There are 2 protein chains.
Amino acid sequence: MAIKMHTDPAQEPSATQRAYLAIRRMILIGDLPPGEKLKIEKLRSILEMGGSPIREALTLLVSDLLVERLDQRGFRTAEISPSNFAEILNLRCHLEEMAFRESLSNADHAWEDKLVITHHRMMREPRTNVERFEELHKTFHMNLLSACHSPVLLKFCNQLYDLNIRYRYLAGQALDYSKRDIGKEHTDIMNAAVDRDADAACRMLLDHYRNTGAFLEKHFTTEAAE
Amino acid sequence: MAIKMHTDPAQEPSATQRAYLAIRRMILIGDLPPGEKLKIEKLRSILEMGGSPIREALTLLVSDLLVERLDQRGFRTAEISPSNFAEILNLRCHLEEMAFRESLSNADHAWEDKLVITHHRMMREPRTNVERFEELHKTFHMNLLSACHSPVLLKFCNQLYDLNIRYRYLAGQALDYSKRDIGKEHTDIMNAAVDRDADAACRMLLDHYRNTGAFLEKHFTTEAAE
DNA sequence: AGATAATAGAAAATCGATATTATTAAACAT
DNA sequence: ATGTTTAATAATATCGATTTTCTATTATCT
């Protein structure tokens with residue numbers, strides 16, 4: 001009757017994992033603003049755990065470029081800048097195109113199904129729950145690339161995606177989806193992907209990113225001028 | 001008479017930093033073979049420090065893809081495989097080309113000087129001290145890219161370079177530089193770079209990588225068949 | 001015998017305390 | 001007054017010990 005404990009797949013995550021996810025989320029949604037000092041003691045009291053898992057989580061976030069480690073002076077959230085934003089956008093376009101083309105060339109039936117499902121879920125999700133929507137949005141975009149057989153490339157894309165999402169949150173969500181028909185853009189990309197039309201799909205995907213990018217860039221530069 | 005302690009720039013590195021460099025070196029040169037379990041207690045006794053800096057160093061190495069973290073079962077060195085090798089090589093070619101072209105388009109006089117100097121030092125260094133030579137070799141290659149204004153891209157290139165170097169060490173140094181005239185290849189690349197001939201320089205750089213890659217690939221596949 | 005469960009041992013993860021190091025504030029000298 | 005040294009404070013980095021989790025072995029049951 002008792003559950004086999006040593007094979008139970010739903011084990012609760014380690015303190016390090018919890019800290020990692022919690023701090024990462026706080027940085028991405030802008031709860032911890034750019035350049036903010038991350039004091040161990042403060043995070044300890046918020047997350048209710050010892051210093052070790054906190055430090056380890058922060059170290060993991062350093063590799064994600066979301067946190068900076070200052071020699072013997074602790075950690076802080078990564079700074080933002082227009083040039084960093086432009087860099088992320090540009091790299092993202094290059095790497096995602098590479099991954100997307102390889103993904104399409106390997107794409108099979110199961111991949112197609114998965115893509116359709118995630119697209120459907122994203123379209124159905126109301127925009128009221130921003131974090132939930134962003135989660136599904138990311139899943140959709142990563143699924144476009146998921147048939148690419150290069151784990152390292154996918155890791156880079158994933159990282160860059162998160163860095164970009166952070167800028168999106170910092171700019172404020174509402175602004176983003178005002179003029180354009182984002183839903184149609186996604187659907188068009190998906191259809192081209194399903195048709196295995198790599199050129200069209202890539203063109204639309206990069207336009208999708210660059211349009212959002214241009215919008216955000218404008219936002220950040222006017223913001224900075226205030 | 002006493003040195004001003006609080007402004008002394010030559011402070012000794014932190015335990016974490018020492019552990020990071022030491023373990024990284026052991027993995028790169030093959031001292032810690034692929035898939036090796038990394039027991040904290042053992043590393044503690046080798047490096048003579050507590051568990052915390054060891055764990056932090058290992059966490060840093062996870063982001064470098066040199067170490068894998070297993071949920072609640074500690075750390076091990078990253079596995080190797082022919083497909084991983086091919087992936088690294090391919091990605092490296094793409095990203096370095098991108099970085100190299102941007103570097104060349106920004107290259108100024110100071111960059112040129114630095115490149116010539118590092119090339120000279122590499123050529124002068126006897127092959128007897130392998131680690132020292134590899135250090136200079138890496139410096140030369142990274143300097144080719146150094147005028148690229150994308151820190152993230154450079155970070156990726158640097159990471160991929162290290163992953164590749166590891167395969168080189170594992171294959172055994174001596175084999176690498178037997179038939180080809182590696183010195184000439186480097187000189188040709190440098191000259192094309194100094195001439196700002198991006199197409200020729202990139203072609204030669206990628207040939208340089210792919211030739212070494214093909215050689216190593218052969219080595220690994222025959223190795224695996226034994 | 002073969003499989004499942006209990007147990008002992010080893011290792012990892014985490015905690016709380018201590019030692020280091022940086023930062024701030026105050027005292028001192030020029 | 002200004003800049004430099006000294007002292008106090010705060011925060012980080014590290015250690016050693018404890019708790020939790022995994023792993024391997026032995027015992028138990030069908």
Side-chain angles (χ1 to χ4, degrees), chain A residues 1-24 26-27 32-33 35-63 66-78, chain B residues 1-24 26-27 32-33 35-63 66-78:
Chain A
M1 193 63 81
I3 300 161
K4 289 186 213 173
M5 283 307 172
H6 62 290
T7 51
D8 188 3
Q11 58 203 307
E12 66 191 44
S14 64
T16 298
Q17 198 65 10
R18 275 186 293 129
Y20 171 74
L21 291 173
I23 299 170
R24 180 168 164 279
M26 289 192 285
I27 296 172
L32 291 169
E36 177 99 333
K37 188 83 210 300
L38 295 167
K39 290 185 191 151
I40 307 292
E41 198 53 43
K42 193 176 172 189
L43 291 169
R44 270 193 52 157
S45 63
I46 293 172
L47 299 172
E48 294 176 313
M49 58 177 73
S52 312
I54 301 277
R55 288 187 64 84
E56 233 174 280
L58 291 173
T59 303
L60 282 169
L61 288 164
V62 169
S63 81
L66 289 170
V67 166
E68 287 165 11
R69 151 180 249 140
L70 310 169
D71 189 46
Q72 231 129 348
R73 283 174 288 154
F75 301 86
R76 67 171 52 176
T77 60
Chain B
M1 193 65 79
I3 299 159
K4 290 187 210 170
M5 283 306 172
H6 61 291
T7 51
D8 188 4
Q11 58 205 305
E12 67 191 45
S14 63
T16 298
Q17 197 66 9
R18 276 186 294 130
Y20 172 74
L21 291 173
I23 299 171
R24 180 169 164 280
M26 289 192 284
I27 296 172
L32 291 169
E36 178 99 332
K37 188 83 211 297
L38 295 167
K39 292 187 189 148
I40 308 290
E41 198 53 43
K42 194 175 173 189
L43 291 169
R44 270 193 52 158
S45 62
I46 293 171
L47 299 172
E48 293 176 314
M49 59 177 71
S52 313
I54 302 276
R55 288 187 65 82
E56 234 173 280
L58 291 174
T59 302
L60 282 169
L61 287 164
V62 169
S63 82
L66 289 170
V67 166
E68 287 165 10
R69 152 182 248 139
L70 309 169
D71 188 44
Q72 231 130 347
R73 284 174 288 151
F75 301 87
R76 65 172 50 177
T77 59

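This is a predicted model, so every value here is computed, not measured.
Atom-to-atom, NZ of A:K39 to P of D:dA13 comes out at 14 Å; the value is rounded to the nearest Å. To the nearest angstrom, C1' of D:dA11 lies 14 Å from CZ of A:R76. The nearest whole Å value for the distance from the NZ atom in B:K42 to the P atom in C:dA10 is 16 Å. Atom-to-atom, CG of B:L58 to C1' of C:dA13 comes out at 13 Å; the value is rounded to the nearest Å. The distance from atom CD1 of A:I40 to atom P of D:dA13 is 7 Å, rounded to the nearest whole Å. Atom-to-atom, CG of A:L70 to P of D:dA11 comes out at 15 Å; the value is rounded to the nearest Å. Distance B:E56 CD to D:dT12 P: 12 Å, rounded to the nearest Å. Note: CD (B:E41) to C1' (C:dA10) measures 11 Å, nearest angstrom.
By the 6.0 Å contact criterion, NZ on B:K37 is enclosed, its count of non-hydrogen atoms from other residues, nucleotides or ligands being greater than 12.
One finds a side-chain N or O of B:K37 lying less than 4.0 angstrom from the OP1 or OP2 phosphate oxygen of C:dA12. Side-chain nitrogen and oxygen atoms of B:R73 include none within less than 4.0 Å of the OP1 or OP2 phosphate oxygen of C:dA11. Residue B:T16 has no polar side-chain atom (N or O) positioned under 4.0 Å from OP1 or OP2 of D:dA13. Put simply, B:R55 has no side-chain N or O that comes within less than 4.0 Å of OP1 or OP2 on C:dA12. Within the 4.0 Å cut-off from OP1 or OP2 of D:dG16, at least one side-chain nitrogen or oxygen of B:R44 is found.
Between B:L61 atom CG and B:E68 atom CD the span is 12.0 Å, to the nearest 0.5 Å.
When each of C:dA13, D:dA13, C:dC15 is scored by its nearest atom to the side-chain atoms of A:M49, the top-ranked nucleotide is C:dC15. The side chain of B:D71 lies closest to D:dC22, out of D:dC22, C:dA22, C:dC15.
If you check every strand for non-hydrogen atoms under 4.0 Å, B:L38 touches sugar and phosphate atoms only. A:S52 comes within 4.0 angstrom of a base, heavy atoms only.
Between the side chain of B:T77 and the main chain of B:G35, a donor-acceptor pair closer than 3.5 Å is present.
Considering B:I46, B:L43, B:L60 in turn, B:L43 is the only one that fulfils the side chain to side chain contact (heavy atoms under 4.5 Å, CB included) rule with B:I23. For the side chain to side chain contact (heavy atoms under 4.5 Å, CB included) criterion with B:I54, the lone passing option out of B:I40, B:T16, B:T59, B:L38 is B:I40.
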